[in-house]
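Take a look at the structure below.
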Amino acid sequence: MANIKFYMTPGSCSTGIHILLEELELIFEVHPVNLMAGDQFKPEFLAINPRGSVPVLVTPAGTILTTYQSISCWLAEQYPKSKLIPEDSNDLARVMGVMNYACNKLHGEGFTRIFTPDRYSIDESEKEAVIAQGHKLIERRFAKMNDLLAEGRTYVLNQFSIADSALFYVEFWADHTGIPLPEHCRTHYERMLKRPAVRQVLMEEGYSRLLSRYSE
Ligand SMILES: N[C@@H](CCC(=O)N[C@@H](CS)C(=O)NCC(=O)O)C(=O)O
């Protein structure tokens, strides 16, 4: 059977999917996409994902999946024993809510303003204001996430789910860019950093220095 093909960029949102692949102990082919060099705009990549973004996962049957949400749901459905998606409908609503909040609000509306301010600016003079707006949005949104995590569960639920690796990648970006995480988000982030799959992914993606700041 053909392998899963995984198109990824170290340190990007594809890190969340990379973590799920390692948690599931799957065998997959890695296809690095150099976003800084503009690989996402090349015709050969656009033929795979016309959105021009990572992550992309090509299933063994050849189906092309894009976005964190679609890929993570597909993985959870394919490997139900891993219980990456809960059965209880209230828990499911919580997982979907946190995952979408992390991907759409924290990443899509917040971090993109910091990483790609030119896409929100008419000219160079506006860039600093766009970045500042990104910081403000992110801090407010992590504060809301903090309230949600205040219930004191181990992860988003009491067991690891697709919401945790989504939340992790934005927490990781906050740490990497010097944005302080509120208490419960910090606890969640540090708990995630103890998981062997997370540590392995960060090592493989070149973040061993960041890892050395946190004990196993
Ligand atoms: N919500 C989308 C976001 C994807 C996304 O923005 N990916 C970024 C990397 S974190 C990307 O590939 N950016 C390339 C670009 O926009 O040029 C998803 O989950 O696929």
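Each ligand, and each atom within it, is numbered from 1 in the order the structure gives. All residue numbers in this chain count up from 1 along the given sequence.
- Taking atom 8 (C) of ligand 1 as the reference point, the nearest protein heavy-atom neighbour is Val54 O, 3.9 Å.
- Inter-residue side-chain proximity for Lys144 and Lys105 is flagged as unmet; no heavy-atom pair is nearer than 4.5 Å.
- Residue Tyr68 has at least one nitrogen or oxygen atom sitting less than 3.5 Å from a nitrogen or oxygen atom of ligand 1, judged on distance alone.
- In terms of protein heavy-atom proximity, atom 10 (S) of ligand 1 is nearest to Cys13 SG, 2.9 Å.
- Within the 4.0 Å heavy-atom shell around ligand 1 one does not find Thr66.
- Of all protein heavy atoms, the one closest to atom 13 (N) of ligand 1 is Leu35 CD1, 4.0 Å.
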Side chain to side chain contact (heavy atoms under 4.5 Å, CB included) evaluation trace for Met99 with Ser72 = CA-CA 10 Å; Met99 174 177 71; Ser72 64; 3.6 Å; yes

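- The main-chain N or O of Phe142 is never found under 3.5 Å from a side-chain atom of Asn146 such that the two would form a donor-acceptor pair.
- Neither the backbone nor the side chain of Thr112 has a heavy atom within less than 4.0 Å of ligand 1.
- By the 4.0 Å heavy-atom criterion, Phe41 is counted among the residues contacting ligand 1.
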Salt bridge (Lys or Arg N to Asp or Glu O under 4.0 Å) between Glu183 and Arg186, worked out = CA-CA 5 Å; Glu183 182 190 353; Arg186 185 95 209 154; over 6 Å; no

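- Taking every non-hydrogen atom of Gly52 and a distance limit under 4.0 Å, the qualifying atoms of ligand 1 come out as 14 (C), 15 (C).
- In terms of protein heavy-atom proximity, atom 1 (N) of ligand 1 is nearest to Gln69 OE1, 4.5 Å.
- The pair Lys83-Asp91 does not meet the salt-bridge criterion, since no charged nitrogen lies less than 4.0 angstrom from a carboxylate oxygen.
- Judged by the 6.0 Å distance and 45° axis criteria, Arg195 is not positioned over the aromatic ring of Phe168.
- The distance from the CE atom of Met145 to the NE2 atom of His188 is 9.0 Å, given to the nearest 0.5 Å.
- Using a 4.0 Å cut-off between heavy atoms, Arg119 contacts ligand 1 through its side chain alone, with no backbone atom that close.
- Using a 4.0 Å cutoff on heavy atoms, Gly108 does not count as a contact of ligand 1.
- Heavy-atom proximity to Ser12, at under 4.0 Å, picks out these atoms of ligand 1: 9 (C), 10 (S).
- The OH atom of Tyr189 sits 3.5 Å away from atom CG of Asp175, with the distance rounded to the nearest 0.5 Å.
- Using a distance-only test at 3.5 Å, with no hydrogens or angles considered, no donor-acceptor pair links the side chain of Arg153 to the main chain of Leu149.
- Ring centroid separation for the pair His107 and Tyr169 comes in under the 6.0 Å cut-off.
- Using 4.0 Å as the threshold, Arg51 has no heavy atom nearer than that to any atom of ligand 1.
- Proximity to His107 (heavy-atom distance under 4.0 Å) selects the following atoms of ligand 1: 3 (C), 5 (C), 6 (O), 10 (S).
- To the nearest 0.5 Å, the span separating OG on Ser53 from OH on Tyr7 amounts to 13.5 Å.
- Within the listing of ligand 1, atoms 14 (C), 15 (C), 17 (O) sit less than 4.0 angstrom from a heavy atom of Gln40.
- The closest approach between any non-hydrogen atom of Pro55 and ligand 1 is below 4.0 Å.
- Residue, atom and distance of the protein heavy atom nearest to atom 20 (O) of ligand 1 are Thr67 CA, 2.9 Å.
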